[in-house]
Amino acid sequence: MPCVLLMAAVVCGVSGCASVRQSTTTVEKLDTAQRELEEQPRPQVDMSQVNEAAQYFEEEDNSLSAMTAEKFGTRFRLACLKMVRLDPNEEVSLAAFEKGVELFEQGDFEEAAKELWTAAFRWPDSPLQEDALFLRAEAFFFANQYGKAQRAYEKLLKKYDSTRYMDRVSPRLFAIAQYWEKLDQINDYNELAPNFFDKTRPVFGTFGNSIKAYRTISMRDPNGLWAEHAVMAAGNANYIRGEYFEAADFYDNLIRNYPQSKHLLPACELNLASKLLMYQGPKYDSKALEDAEELTERLLTQFGPQLGDRREALLETQNRITEAKAERDLEVAAFYETKKNYGAARYYYLLCINDYPQTNSAAIAKEKYDRIRDFRANPPDYFSWLKVVFPEKI
């Protein structure tokens with residue numbers, strides 16, 4: 001028993017020494033960390049503003065009520081101060097707006113844009129905000145910073161769908177889109193190459209942003225004076241670049257939504273050209289060919305007197321479309337013939353002969369039909385795989 005007690009005393013003594021050493025080391029580390037924190041430079045922050053920031057967050061979210069200014073980290077304090085500065089304030093907004101207008105009239109457009117930004121967001125959802133957002137976009141426009149101007153106009157339209165400045169926003173966006181489109185035609189910019197130096201261009205996608213500006217006009221102001229011009233310009237821009245699917249989409253939009261437009265005739269003609277260029281042959285989808293046929297008939301019936309010499313070319317195009325449709329039936333018939341489904345092949349050969357008798361495909365179909373006229377239709381053998389699994393005994 002004495003030995004056991006002696007062993008327990010030794011163990012307790014060792015454990016106590018280790019605890020004392022561990023406690024001493026921890027205290028030293030804490031003192032070192034405290035000195036390092038005191039030596040680090042701290043930002044000069046007005047504690048009254050910090051307390052206001054804390055109060056602001058407590059009012060917005062009761063879950064933060066337990067937090068105090070002493071518990072905020074440095075970044076969180078700065079975020080709180082930022083939120084306080086953006087707190088709605090009518091007087092600050094009016095002062096910034098007046099200063100922005102004054103700078104705008106003096107021609108200092110970049111500084112005016114900064115003040116107008118402050119005016120817009122220090123008094124949100126007010127008539128002054130709409131005025132400030134519009135003048136800010138105008139400041140960027142006259143400062144020749146068209147990328148920022150486009151985004152500023154779009155921000156205005158997003159916030160105020162029926163803004164009273166719509167009749168001034170649309171021509172501005174149209175002018176920007178025209179400039180970027182022509183600039184891209186001259187320089188052929190890479191859409192993925194960034195632009196860091198020319199403030200008149202967007203950072204990425206000069207041509208893509210021009211089309212976006214056209215589309216913004218047509219979507220935000222569909223009944224305005226500039227909508228049909230924007231749709232036609234976007235279609236033409238894509239047609240010149242060889243983007244026929246996108247061009248046809250814009251032309252279809254104009255034909256469908258602006259039947260009284262002065263662009264209707266050229267839109268129909270260019271749409272017809274786009275559809276024909278989209279068509280890839282008898283083995284592919286026939287939608288573009290069917291649309292082209294419908295456009296041809298519309299042009300001949302609705303715009304006959306206005307076509308002039310182009311009428312003969314349009315009639316030739318109509319014949320080409322008929323020939324292409326006959327080629328599709330001929331292709332289907334040939335497919336069934338290769339599969340030895342002669343009944344279906346004869347049906348499509350006759351379809352081609354009867355529906356398109358004046359075409360070259362009809363003559364070819366007549367020759368092939370006569371060759372397989374008496375062929376028996378071989379039904380498909382759905383169980384041919386059984387012959388491989390169970391071969392016939394010799």
Side-chain angles (χ1 to χ4, degrees), residues 239 242-253 255-256 267-304 307 309-394:
Y239 185 89
E243 305 288 347
Y244 301 116
F245 285 87
E246 289 77 7
D249 183 62
F250 282 107
Y251 292 138
D252 285 334
N253 183 1
I255 294 169
R256 180 175 57 253
C268 288
E269 291 181 315
L270 289 169
N271 198 17
L272 172 60
S274 299
K275 299 291 187 182
L276 292 175
L277 291 166
M278 288 164 55
Y279 180 63
Q280 297 177 324
K283 295 182 180 181
Y284 298 90
D285 185 54
S286 63
K287 182 65 168 61
L289 191 65
E290 294 169 0
D291 292 343
E293 183 180 30
E294 182 179 346
L295 284 166
T296 305
E297 295 175 356
R298 179 170 185 170
L299 282 166
L300 289 171
T301 55
Q302 185 174 352
F303 302 101
L307 294 174
D309 297 337
R310 301 195 301 277
R311 181 180 175 81
E312 294 298 325
L314 195 60
L315 290 172
E316 184 179 350
T317 300
Q318 190 177 42
N319 293 333
R320 285 170 48 202
I321 294 172
T322 303
E323 185 70 46
K325 293 181 67 177
E327 288 175 359
R328 295 188 66 83
D329 287 345
L330 189 63
E331 183 71 23
V332 175
F335 168 79
Y336 282 118
E337 185 178 352
T338 58
K339 298 296 183 180
K340 295 183 180 180
N341 194 338
Y342 299 114
R346 284 193 292 268
Y347 172 81
Y348 279 99
Y349 282 138
L350 285 174
L351 200 65
C352 180
I353 294 168
N354 296 328
D355 291 351
Y356 314 105
Q358 304 301 322
T359 63
N360 296 329
S361 297
I364 298 173
K366 179 69 167 61
E367 180 182 347
K368 291 188 174 184
Y369 175 81
D370 292 339
R371 182 165 52 83
I372 65 170
R373 180 195 296 269
D374 299 325
F375 285 15
R376 293 182 59 186
N378 295 331
D381 187 1
Y382 296 109
F383 300 98
S384 59
W385 58 275
L386 288 174
K387 296 178 181 179
V388 178
V389 178
F390 303 104
E392 297 180 3
K393 295 182 179 181
I394 299 176

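Only heavy atoms go into these numbers, but all of them, side chains included; no hydrogens, no water, no symmetry mates.
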For Arg328 and Gly281, the nearest pair of non-hydrogen atoms, with its separation, is NH1-O, 3.4 Å
Could you tell me which non-hydrogen atom of Ala292 sits nearest to which non-hydrogen atom of Leu276, and how far apart they are? CB-CD2, 3.8 Å
Separation of Glu323 CD from Asn360 CG (nearest 0.5 Å): 4.5 Å
Show the nearest heavy-atom pair for residues Ala362 and Ile353, with the distance to one decimal. O-CG1, 3.8 Å
To check you understand the geometry: which heavy-atom pair defines the closest contact between Cys352 and Ala326, and what is its length? SG-O, 3.7 Å
Side-chain heavy-atom pair Lys275, Asp252 within 4.5 angstrom cut-off: yes
Nearest 0.5 Å, please: how far is CG in Leu315 from CZ in Arg310? 13.0 Å
Side chain to side chain, Leu272 and Leu314, heavy atoms closer than 4.5 Å: yes
Counterpart residues, salt bridge (charged side-chain N to carboxylate O under 4.0 Å, His left out), relative to Asp370 (two or more places apart): Lys366, Arg373
Taking everything shown except Tyr347 itself, do over 12 heavy atoms lie less than 6.0 Å from its OH? no
Which value, rounded to the nearest 0.5 Å, describes the distance between Leu330 atom CG and Lys368 atom NZ? 5.5 Å
Separation between CE (Met278) and CG (Leu289), nearest 0.5 Å, reads 11.0 Å
Is any side-chain heavy atom of Ile255 closer than 4.5 Å to one of Arg298? yes
Would you name the heavy atoms of Leu277 and Tyr239 that are closest together and state the gap between them? CD1-OH, 4.2 Å
Considering all heavy atoms, the nearest Tyr279-Ser286 contact: CE1-CA, 4.5 Å
Report the distance from atom CD1 of Ile372 to atom NZ of Lys340, rounding to the nearest 0.5 Å. 13.0 Å
With sequence neighbours excluded, residues passing ring pair (Phe, Tyr, Trp, His ring centres under 6.0 Å) with Tyr356: none
CG (Leu307) and SG (Cys268) are apart, to the nearest 0.5 Å, by 10.0 Å
For Glu294, does the CD atom have more than 12 heavy-atom neighbours from other residues, nucleotides or ligands under 6.0 Å away? no
Verify the ring-centre separation between Tyr369 and Tyr349: is it less than 6.0 angstrom? no
Is a salt bridge present between Asp329 and Lys325, judged by a nitrogen-to-oxygen distance below 4.0 Å? no
Output every pair passing ring-ring contact (aromatic ring centres under 6.0 Å, His included) with a member in residues 317-336, not counting sequence neighbours, ordered by first then second residue. Tyr336-Tyr348
Taking only Lys NZ, Arg NE, NH1 and NH2, and the carboxylate oxygens of Asp or Glu, determine whether Arg371 and Glu337 approach each other closer than 4.0 Å. yes
Is it the case that the side chain of Asn354 and the backbone of Leu350 share a donor-acceptor pair, with hydrogens and angles ignored and the cut-off at 3.5 Å? yes
